[in-house]
Asker: 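Mind having a look at this structure? Questions to follow.
Lettering follows sequence order; numbering is per chain, from 1.
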Amino acid sequence: MKWLFAMAWLVALGSASAKDADAGIRYATPVLHWTSKDEKGVYGYIIYRSAKADGPFLRINKRIVPAIRPKSPVSGEDARLPIENRYEFKDVSADPAQTYYYSIDAVSRTGLSKQLTRPIRREPRALPSN
Amino acid sequence: MGVPAHAASSPAALEFTPGQEMPVEVYQGDRERLHFAVRNVAEHSITIDRIFPRKGGGSGSATPSTLAPGAVGKIELDFTFPDALGAGQVNFLVKTNNPDKPTELLGVGYFVQSAFSPELRLFDFGSLHTGQRARSTLEVTSRLVPELKLEKVISKPDWLDVEIKPSASGSSQTQRVVATTTSLPPVGIVNSEVVLKSNLDHERPLRIPVLLRAFDKYAVDPIPLSLGGVDEGMDKHGKLRITRYGEGDVLIDSVESGSPALRTERVSCGSGCVDLMLTFDSMKARGGLRTVLKISFKDDTQPLLVPIDALVVPIGVKSIELGDLDTLTVRGTTEMLEPNQ
């Protein structure tokens, strides 16, 4: 039952596609990026969102974002190096003109969760008009 | 994640294609309807007679039940997923009239999540004597709804009172569950469960296991006792501490080990305290030890029963002690109550 979980993570909130807001200004859809290292035993990730820093935070991904598995067993010298995986989650259910707070949990293959991030604030980002 | 799974012996005559994303992600105890397309890849017609899971509660049906060569039909499975968290697989047996392969396997990979945190939770009242009462408090959160409501108690042991209160933090997604013993259950290790109805989808219930060691005049620790791995031919020692509740000496009448491989010796450990020193002789129980030690007292009609186990490890086999396997379980905060509380 022991879940040894070593992970270095970085969450960045970027932007990808855009939507039209009421005022005619176009805002970027929130996109979460995170990087993991040595995610042995991790099944995937759950994303939570809130309009306020103190919650309530609600789960927004119906299916767990699956952890990336190595395509082939790592052996030799490479086995000692942590495998770095990069993840991206596009929050298409968000109102891009609103400020949100996000947090991410990692879920082990035994079904146990661990919070990866403190809530991170994401401001609306207007896209240049062209 | 094993979809579809086929028996290895002769080539499969049926091909299954899932109609939903796999593995299926569910919450503890969820009942789900799953859909698969089924294609007859044999050169003759096949009739599906029955579909059922190898383990657990569930059923399945095929429409149409008879498939011409190359024809595609539908399979619907109805399955109640287990409470055990994490990744797993259930195999459905598809019984057909195909003489070459009368049983096909349809494997369904799944991942069971908890709708609540902590995922592993427990009301652990420790050891209680006759006349003692205790209260245990646990905060439970769900981030599937903006406001968690635990609406009523579905089931609980008779000797436990359960109250639902707002969270101390004021979070709308957290509720405090307070369990208080009202009387003592029968002496021994008591495993029970509190089940509460929630406002989550499917009325997903909150289940909190309850653990209590109920004693009358005397208590024993630890209970149960695991001696772990013992190298073949070697002895292994253990200790049980017996304490008396209230004034007086420990008046042991007899100790029955239940196995010729287990010897006991009594050593005083102060007023109202006796240690039972145990020696397990692996030469006398080559398969291992699984027994119940019975301690009878001169002034108590209720004996103490202590399950004891040990595993004999053959020479040359490397064994690893795994230690405490439930370190991730979150226990409620337990306090002893004064008689007037």
Asker: Considering only NZ, NE, NH1 and NH2 on the basic side and carboxylate oxygens on the acidic side, decide whether B:D309 and B:R290 come within less than 4.0 Å.
Answerer: no
Asker: Closer than 4.0 angstrom, basic N to acidic O: yes or no for A:R125 and A:E123?
Answerer: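 Salt bridge flag = no for A:E123 with A:R125.
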Asker: B:E25 versus chain A, heavy atoms under 4.5 Å apart: side chain, backbone, both or neither?
Answerer: both
Asker: What part of B:E21 is in contact with chain A, defined as an atom under 4.5 angstrom from a non-hydrogen atom: side chain, backbone, both or neither?
Answerer: both
Asker: Any non-hydrogen side-chain atom of A:Y48 less than 4.5 Å from a side-chain atom of A:D105?
Answerer: yes
Asker: May I ask you to check whether A:Y87 and A:F89 place their ring centres under 6.0 Å from each other?
Answerer: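 No; A:Y87 has its ring centre 6.0 Å or more from that of A:F89.
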Asker: Side chain, backbone, both or neither: which part of B:S117 has a heavy atom under 4.5 Å from chain A?
Answerer: neither
Asker: Please look at A:I46 and chain B and tell me whether the side chain, the backbone, both or neither of the residue comes under 4.5 angstrom of a heavy atom of that chain.
Answerer: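 It is the side chain, since no backbone atom gets that close.
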